Amino acid sequence: MFIRSAKDGREFTIRTPTAKDAEHIIHYSSTLFLSTDQVLTMPEEYTITTAAEETWINNLTNNPNALVLIAELAHQTIGLLFFTAQTKKKNAHTGEFGVSVHPAYQAIGVGRALIETLIEWAKLHPRIEKLTLQVFTTNTHAIKLYRDLGFIEEGRHVKAIKQAGGQYIDILQMYLWLADSPDQKKPLPG
Ligand SMILES: CC(C)(COP(=O)(O)OP(=O)(O)OC[C@H]1O[C@@H](n2cnc3c(N)ncnc32)[C@H](O)[C@@H]1OP(=O)(O)O)[C@@H](O)C(=O)NCCC(=O)NCCS
């Protein structure tokens, strides 16, 4: 568990959740999906049960090639990040993540802290060399944060999103390459 200071001076923690956090994460995600149209899931599509959320948490936390993190303040979930590596031998060095922060706690450094924690974990991971993400081209705050952290644009999915009002939006594909170092990670055997 890590303790970090927000820009407004409050302290929040970052940790891996357990199945006991399922209800809190569901409540958090419901609030998030109601607050923004810059993510894929619409509020009415978010119908997960507590049991399914527990299974999701257990699957990710038991997978050495995945990471799930929550940020907490005053026993409330205020941020969520999840990463999973690809599963074929030829692409197991890459993986994609998603990140979000509770609308009441955005722009105080929580998202940055979650991604920095992922990057540190991935650097120490024996296999992960490339982190990827997808972001709507309209999500300017998120894109600025990703660029600040070193992520580079590598492609665009044209008109991949159609908003409820009919507006088409491109998805930006971004990546961070981790492994250009003398101890570059080894290929998988076989
Ligand atoms: C995008 C998101 C994850 C960023 O997390 P965050 O905790 O709000 O961002 P941070 O406070 O760590 O911001 C880091 C930088 O991004 C910029 N930024 C992020 N959100 C901002 C906002 N709402 N207003 C102004 N600047 C913002 C700031 O310039 C900041 O840079 P700085 O540290 O140099 O000042 C968060 O705002 C969020 O969950 N948004 C809704 C869901 C979403 O868009 N998820 C991403 C989908 S790809």
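Every number for a ligand or one of its atoms is a count from 1 in the order of the listing. None of the values given here were measured: they were computed from a predicted structure.
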- Message: Against Phe97, only a single residue in Trp121, Phe151, Tyr175 fulfils ring pair (Phe, Tyr, Trp, His ring centres under 6.0 Å); can you say which?
- Response: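 Considering Trp121, Phe151, Tyr175, a ring pair (Phe, Tyr, Trp, His ring centres under 6.0 Å) with Phe97 is found only for Phe151.
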
- Measure across Thr77 and Glu72 and return the closest heavy-atom pair with its distance rounded to 0.1 Å.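 In terms of heavy atoms, the two residues are closest at CA-CG, 4.4 Å.
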
For residues 166-173, dump all side-chain donor-acceptor pairs below 3.5 Å to protein atoms at least two apart in sequence or in another chain.
from   : atom 1 : to     : atom 2 : distance (Å)
Tyr168 : OH     : Lys162 : NZ     : 3.3
Asp170 : OD1    : Lys159 : N      : 2.7
Asp170 : OD2    : Arg156 : NH1    : 2.9
Gln173 : OE1    : Gln134 : NE2    : 2.9
Gln173 : OE1    : His157 : NE2    : 3.1

- May I ask you to decide if the ring planes of Phe82 and Trp56 are parallel, tilted or perpendicular, using 30° and 60° as cut-offs?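 Perpendicular.
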
- Near ligand 1, which residues have a heavy atom under 4.0 Å away from one of its atoms?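 Within the 4.0 Å shell of ligand 1, which is judged on heavy atoms, sit Lys7, Val39, Val99, Ser100, Val101, Gln106, Ala107, Ile108, Gly109, Val110, Gly111, Arg112, Gln134, Val135, Asn139, His141, Ala142, Lys144, Leu145, Tyr146, Asp148.
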
- Message: Checking side-chain contact (heavy atoms from CB on, under 4.5 Å) between Ile115 and each of Leu69, Val99, Leu131, which is the one that passes?
- Response: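 Running side-chain contact (heavy atoms from CB on, under 4.5 Å) over Leu69, Val99, Leu131 with Ile115 returns exactly one hit, Val99.
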
- Query: How about Tyr28 and Ser100: does a side-chain donor come under 3.5 Å of a side-chain acceptor?
  - Reply: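 Ser100 and Tyr28 do have a side-chain donor-acceptor pair below 3.5 Å.
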
